[in-house]
Amino acid sequence: MNNRIVVITGANSGIGKAAAKQFAKEGHTVIMACRNIEVSRKTQEEIVTSTNNTQVDLMKLDVSSFESMYQFADEFMSKYEKLDILIHNAAYFNHGAKHTLSTDGIELTFATNVVGPYLLTNLLLDHLKKSDDARILHAGSNIIKHFFDPKREIDFDNLTGEYKSSEKFTVYKMYCQSKMALVMLTFKMAEEYESEGIKVNALQINGAKMSKETLQKVTLGYRMVASIQNLFFRQPSYMANNYYELCTSDRFKDKTGKLFNDKLDVMTPALAESQGFLEEIKQVTGTNKYPAYAQKKVVREKVWELCKELTESNSNNHNIL
Ligand SMILES: NC(=O)c1ccc[n+]([C@@H]2O[C@H](COP(=O)([O-])OP(=O)(O)OC[C@H]3O[C@@H](n4cnc5c(N)ncnc54)[C@H](OP(=O)(O)O)[C@@H]3O)[C@@H](O)[C@H]2O)c1
């Protein structure tokens, strides 16, 4: 199993970098899919030197841009004959930033964290099918716990174009919604690709120390909060090891459509009806339950259809798909 071909998005820092290092150390072929080649080149060289593995490739990818994903997929498929492991690790969470649209007119958090993984997976599907044990992993977040509040929902009216809601826009809220949508996408993709033998799971990340560079991307207020959180968070290598286990261990070979916690236990949905105050506290502070909202089939289908619609309307401009 030590010769898998692995694509990791956002592999130049944090958990993605630590994961790239671990896969390389174990002898796998690693493709670091990063948007800033200049910055990422240093990380690539560092990984090659420290692991003695020269099979660490660096390829340009901006997961918020359709054009970039098409170019990446095209280049990847001409260079490699299959894909065994695809880790959607990159995410946008510049807390405090103002409402921004991607080059394709999609709110940037949703474009990067949801539509990106959807389209990239689709573009690489034929190569995943060629693997004897293809595994896809989504980087989820503890932030979806906000959905234990039954009033929370994904605001589908404000995912594209100008922001129209009377509520103030915050990246924090969008990040929360995008990570919930990503869990729903995980469940739907697992169903869709089951017959192809492709497994799709998500890991609910409950904290990993953030780098200085990452902290610089958020506003001062969030930076202060994150700096305090950093005192309690584990090193990125802990979660990177979870990526590694989920994508390579025989223990998870047949698992698909699951959300795992930081201890790699399968999480289960909370009941939709309130179970009383104590039970609710247990859910919010615990790591075994995810909000019942994630089980809503209608919303899940809506997320899937929206991703399909947004990416299909652009596919005519490109030469693959
Ligand atoms: N750290 C935590 O406490 C925590 C908690 C919950 C969930 N997570 C999740 O864990 C994953 C890794 O986060 P991290 O903590 O390791 O943060 P990080 O160090 O900031 O890593 C994020 C990576 O994503 C890349 N990225 C962002 N937008 C991109 C785009 N459009 N195209 C390509 N790459 C892009 C960044 O590249 P640049 O360097 O070019 O910006 C960076 O390499 C994320 O999915 C995050 O949501 C983390």
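In this chain, residues are counted from 1 in sequence order. None of the values given here were measured: they were computed from a predicted structure. Whatever order the structure lists them in is the order used to number ligands and atoms, beginning at 1.
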| remark: ligand 1 to Leu61, heavy atom cutoff 4.0 Å, flagged ligand atoms 32 (N), 33 (C)
| Using 30° and 60° as the class limits, which term best fits the ring planes of Phe76 and Phe72: parallel, tilted or perpendicular? | parallel
| request: May I ask you to identify the nearest protein heavy atom to atom 21 (O) of ligand 1, giving residue, atom name and distance to one decimal place in Å? | output: Ser13 OG, 3.3 Å
| said: Is it the case that ligand 1 has an N or O less than 3.5 angstrom from some N or O of Gly10? | reply: yes
| Per the side-chain hydrogen bond (donor to acceptor under 3.5 Å, both in side chains) rule, which among Asp133, Asp254, Thr256 passes with Lys199? | Asp133
| request: Could you list which atoms of ligand 1 come closer than 4.0 Å to a heavy atom of Gly14? | output: 16 (O), 19 (O)
| Between His99 and Phe169, what is the ring plane arrangement, given parallel below 30°, perpendicular above 60°, and tilted in between? | perpendicular
| query | Hey, what's the ring geometry for Phe260 with Phe252, parallel, tilted or perpendicular (30° and 60° as the breaks)? | reply | perpendicular
| remark: The closest protein heavy-atom partner of atom 36 (C) of ligand 1 is Lys217 NZ, 4.1 Å
| query | If hydrogens are left out, which of Lys17, Lys60, Arg35 has an atom nearest to atom 29 (C) of ligand 1, that is, the closest non-hydrogen atom? | reply | Arg35
| query | Can you list the other members of the hydrophobic cluster that holds Ile228, where links are side-chain heavy atoms under 4.5 angstrom apart? | reply | Leu231, Phe232
| message | Counting non-hydrogen protein atoms only, what is the nearest one to atom 32 (N) of ligand 1? Give residue, atom name and distance. | response | Val63 N, 2.9 Å
| field | Subset of ligand 1 atoms that lie under 4.0 Å from at least one heavy atom of Phe233 | value | 3 (O)
| request: Could you pull out, from Ala208, Ser65, Gly140, Ala139, the option with a heavy atom nearest to atom 7 (C) of ligand 1? | output: Gly140
| request: Could you check atom 20 (O) of ligand 1 against the protein and tell me its nearest heavy-atom contact, residue, atom and distance included? | output: Thr214 OG1, 2.7 Å
| Has Gly207 got any heavy atom lying under 4.0 angstrom from an atom of ligand 1? | yes
| Distance from atom 47 (O) of ligand 1 to nearest protein heavy atom, with residue and atom | Tyr175 OH, 2.6 Å
| query | At a 4.0 Å threshold, what atoms of ligand 1 neighbour a non-hydrogen atom of Asn89? | reply | 11 (C), 12 (C), 44 (C), 45 (O)
| Which of the ligand 1 atoms, numbered from 1, are nearer than 4.0 Å to a heavy atom of Thr112 | 28 (N), 31 (N)
| Which residue holds the protein heavy atom closest to atom 48 (C) of ligand 1, what is that atom called, and what is the gap in Å? | Ile205 CG2, 3.9 Å
| For Asp62 and Ser68, does a side-chain donor sit closer than 3.5 Å to a side-chain acceptor? | no
| query | Going by the angle between their ring planes, with limits at 30° and 60°, are Phe23 and His28 parallel, tilted or perpendicular? | reply | perpendicular
| task | Considering the heavy atoms of Asp62, write down every atom of ligand 1 situated less than 4.0 Å from one of them. | result | 30 (C), 31 (N), 32 (N)
| said: Closer than 4.0 Å to some heavy atom of Ser64 - which atoms of ligand 1 meet that? | reply: 31 (N)
| request: Note the single closest protein heavy atom to atom 26 (N) of ligand 1, along with its residue, its atom name and the distance in Å. | output: Ala90 CB, 3.7 Å
| said: Between Lys282 and Glu279, does any NZ, NE, NH1 or NH2 come within less than 4.0 Å of an OD or OE carboxylate oxygen? | reply: yes
| field | Ring centers of Tyr175, His146 separated by less than 6.0 Å | value | no
| task | Salt-bridge test for Arg4 and Asp132: reply yes if a basic N is under 4.0 Å from a carboxylate O, no otherwise. | result | yes
| remark: Judged by heavy atoms only, the candidate from Leu215, Ile87, Ile15 nearest atom 15 (O) of ligand 1 is Ile15
| query | Do Tyr290 and Phe187 have ring centres separated by under 6.0 Å? | reply | yes
| field | Part of Lys179 with heavy atoms under 4.0 Å of ligand 1, whether side chain, backbone, both or neither | value | side chain
| message | Return the closest protein heavy atom for atom 39 (O) of ligand 1 as residue, atom name and distance. | response | Asn12 ND2, 2.8 Å
| Residue list, side-chain contact (heavy atoms from CB on, under 4.5 Å) with Val284, at least two apart or on another chain | Phe148
